[in-house]
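Heads up: the structure comes next, in structure tokens.
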Amino acid sequence: MEDDTEKYPANFIRHIIEKDVAEGKNGGAVITRFPPEPNGYLHIGHAKAICLSFGLAKDFSGSTNLRFDDTNPLKESAEFIDAMKEDIAWLGFTWQEERFASDYFEQLFSFAERLIEEQKAYVDSLSADEIREHRGTLTEPGKDSPYRDRTVEENLDLFRRMKAGEFADGEHVLRLKIDMASPNINMRDPTIYRIRHVTHHQTGDEWCVYPMYDYTHCISDSLEEITHSLCDLSFEDHRPLYDWVLDELAMNVHPQQIEFSRLNLQYTLMSKRKIKQLIDDDIVDGWDDPRLPTIAGLRRRGYTPESIRDFCRRIGVTKSDNNVELAVLESCIRDYLDSDAPRVMGVINPLKIVIENYPEDHAEMLEMPNHPKDESMGSRQVPFTREIYIDREDFREEANRKYKRLVSGDEVRLRYAYVMRANEVIKDGDGNILELRCSYDEDTLGKNPEGRKVRGVIHWVSASEGLPAKIRLFDPLFVVDDPDGSDADYEALINSDSLQQYDGFVESSLGEAISDQRFQFEREGYFCLDSKLSSKESLVFNRVVSLRDTWAKIEKKST
RNA sequence: UGGGGUGUCGCCAAGUCGGUAAGGCACAAGGUUUUGAUCCUUGCAUUCGCAGGUUCGAGUCCUGCCACCCCAGCCA
């Protein structure tokens, strides 16, 4: 899959690993892990983490484990596990081992008993509220719990009875005995076990005490002999705790946690919670809505794994806050599709044309290359007929010479076909344009007319031979570039026009299209069949991304 | 006002022992073109949050400021 061109460019994590490998740390091994919690779908922010953890390991001939961080059965479910695996595989990565944090529940419990025996953990019987009150604030130290000095025997007994199900949820928790006055709140006797009488998607009803992240993650990493444990910046102040647990347990493998900043993409959201709310509130179609930055959404939209990997490489890895422009992502997919997507013609917003001097009941097959620069992609035959459709954007009753499309009384080149003149505009009573009466110059197929220069080239589809198709165009979901920036009602920032649907026409060759093919509709952009909505009987195309549109910029400037 | 981080071009981001600011995206101007696409050429930070200091020389070292982000789940 990845060749050298897919190697990550220089970044601080690569430097750390390079140094470690050079010094023979961990015997020169590089083992990473990707540890999602199965409580939603993966998004492009996760793709950044995936590309990093898998990519870096691969660059150093190491390996990567996929580990589901399933310590909170209340929020998780098995349905997300398969979706996550599908997305990671689709992105092009292969994990060494598939693990679950829940695989380690037994070991985790024993380690906790050991911590109790060594007086490094205790059962606290304060309520959640009381624990919060004892924790202190950002600027004030906390207070010790009255239960902090229970005997080892009492703690062990209580903890085992917690496991045995003798207590109700919330009655007791197991806490680490560290320092209630630590300036780092994470070190103020963090809770590591809580009682939850719920069924777990992996372990069923075997457990009613569940370990928490800070305690579970570092031990899981250690047990898997992870060398470099990459995570986002929010875990930076958890690192002392990560290290504390492994040190106190004297684990012989002590992975290095390295934090990097998470991705922010302009005009969209990366918060799983908020994405879920958009789904619940029916603002989008589901986790795979093409407007969402989820991997499933991007896939349905028509993005390729290569383009997403390229994106992750282009944005780099640092510890600074970022807000990447959509243009970077779009550039990646255009780059890929320009060389890879066969060209075809499709009319999004059709305007009917009758070519009055062209014979009726005649379909002339015209040969067109599938790619202007790549002959190996072959060619196809496209029918030309008396009645065709062009896009309404490509006709103006009046326009100056800068407008390189069809204008009343003037000529334009029909892509790979004839030069055509607009003679008459047919309107309804309200002045809406119904159709155009045109004529063609039969001596212009494959050659330019003599003595005059046509304004430009437009695309078209035969009215009788073309296929009707629903065409969906997308705009960003939000109207501000940082909807995640404030906790304010982000749904008020929704772009109400993020999905535009048109009844268009596409050339007949598209009747054979399948959903993982992507095409360039000439002059319009890149499209693919919607994997959910499209059928043989009624085609539905999604626009992956438009073509770069210089004309739109010129237009915008002049208004 | 505690702790942890970050500040290099509009957006990302390289910048080894201090040696005189990569690259990408975007943008601008040309050229090619039966896609206003692609492609090609060219331009785009005397300056690295600010202010001092050390030095022959500092984005890189020191000092002091400023701004922004994260942390008070029995979430991850």
How is [X] classified with respect to the nucleic acid when contacts are heavy atoms under 4.0 Å: base, sugar-phosphate, or nothing?
X      : result
A/R175 : nothing
A/R548 : sugar-phosphate
A/K447 : base
A/I315 : sugar-phosphate
A/T318 : sugar-phosphate
A/Y193 : nothing
A/V317 : sugar-phosphate
A/V324 : sugar-phosphate
A/K404 : base
A/L126 : base
A/T71  : sugar-phosphate
A/A327 : sugar-phosphate
A/G142 : nothing
A/Q520 : base

In whole Å, measure the gap between the [atom1] atoms of [N] and [M] for me.
N      : M      : atom1 : value
B/rA22 : B/rG64 : P     : 32 Å
B/rA21 : B/rU16 : P     : 14 Å
B/rA72 : B/rC11 : P     : 29 Å
B/rA45 : B/rG53 : P     : 28 Å
B/rG59 : B/rG15 : C1'   : 8 Å
B/rG57 : B/rG3  : P     : 36 Å
B/rU46 : B/rU8  : P     : 15 Å

Give me syn or anti for B/rG73, where syn covers glycosidic angles within 90 degrees of 0.
syn
Side-chain donor/acceptor contact of [X] with base of [N] under 3.5 Å:
X      : N      : answer
A/R413 : B/rU34 : yes
A/R314 : B/rG23 : no
A/R343 : B/rU35 : yes
A/E325 : B/rG10 : yes
A/E524 : B/rU35 : no
A/H134 : B/rA72 : no
A/K373 : B/rU38 : yes

Any side-chain heavy-atom pair of [X] and [Y] under 4.5 Å:
X      : Y      : answer
A/F100 : A/D70  : yes
A/M368 : A/S379 : no
A/E37  : A/F68  : no

Watson-Crick/G-U partner (both atom distances under 3.5 Å) of [N]:
N      : result
B/rC39 : B/rG31
B/rA14 : none
B/rG64 : B/rC50

[atom1] of [X] versus [atom2] of [N]: gap in Å, rounded?
X      : N      : atom1 : atom2 : value
A/L337 : B/rA37 : CG    : P     : 17 Å
A/H172 : B/rC74 : NE2   : P     : 16 Å
A/K48  : B/rC12 : NZ    : P     : 11 Å
A/F527 : B/rU35 : CZ    : C1'   : 13 Å
A/W244 : B/rG4  : CH2   : P     : 20 Å
A/R188 : B/rG2  : CZ    : P     : 13 Å
A/E236 : B/rG3  : CD    : P     : 15 Å
A/M368 : B/rA37 : CE    : P     : 21 Å

So if I take every side-chain heavy atom of [X] and compare against [options], which nucleotide ends up nearest?
X      : options                : result
A/A10  : B/rC75, B/rG15, B/rU35 : B/rG15
A/A128 : B/rG36, B/rU34, B/rC74 : B/rC74
A/R405 : B/rG2, B/rU35, B/rG36  : B/rG36
A/Y403 : B/rU34, B/rA76, B/rG36 : B/rG36
A/Y213 : B/rA76, B/rG73, B/rU35 : B/rA76
A/S320 : B/rA76, B/rG2, B/rG7   : B/rG7

A/W551 on top of B/rG36's base, within under 5.5 Å and under 30°?
yes
Along RNA chain B (nearest heavy atom to each residue), the more 5'-positioned of A/D321 and A/R135
A/D321
Given that A/P190 and A/T444 both sit by RNA chain B, which one's nearest nucleotide is further toward the 5' end?
A/T444
Please report whether the ring centroid of A/F12 lies less than 6.0 Å from that of A/H15.
no
Proximity of A/Y303 and A/Y526 rings by center, below 6.0 Å
no
Salt bridge A/R175-A/D124, side-chain N to carboxylate O under 4.0 Å
yes
Does the pair A/R343/A/D338 count as a salt bridge with the N-to-O cut at 4.0 Å?
yes
Between A/F109 and A/F159, is a ring-ring contact (aromatic ring centres under 6.0 Å, His included) present by the stated rule, with each step listed?
CA-CA 9 Å; A/F109 190 84; A/F159 187 48; 4.3 Å; yes
For the residue pair A/K272 and A/Y41, would you count it as a cation-pi contact if the rule is NZ or CZ under 6.0 angstrom from the ring centre and within 45 degrees of the ring axis?
no
Considering just the side-chain nitrogens and oxygens of A/R132, establish if one lies under 4.0 Å of OP1 or OP2 belonging to B/rG73.
yes
Can you tell me if CD on A/E393 sees more than 12 non-hydrogen neighbours from other groups inside 6.0 Å?
no
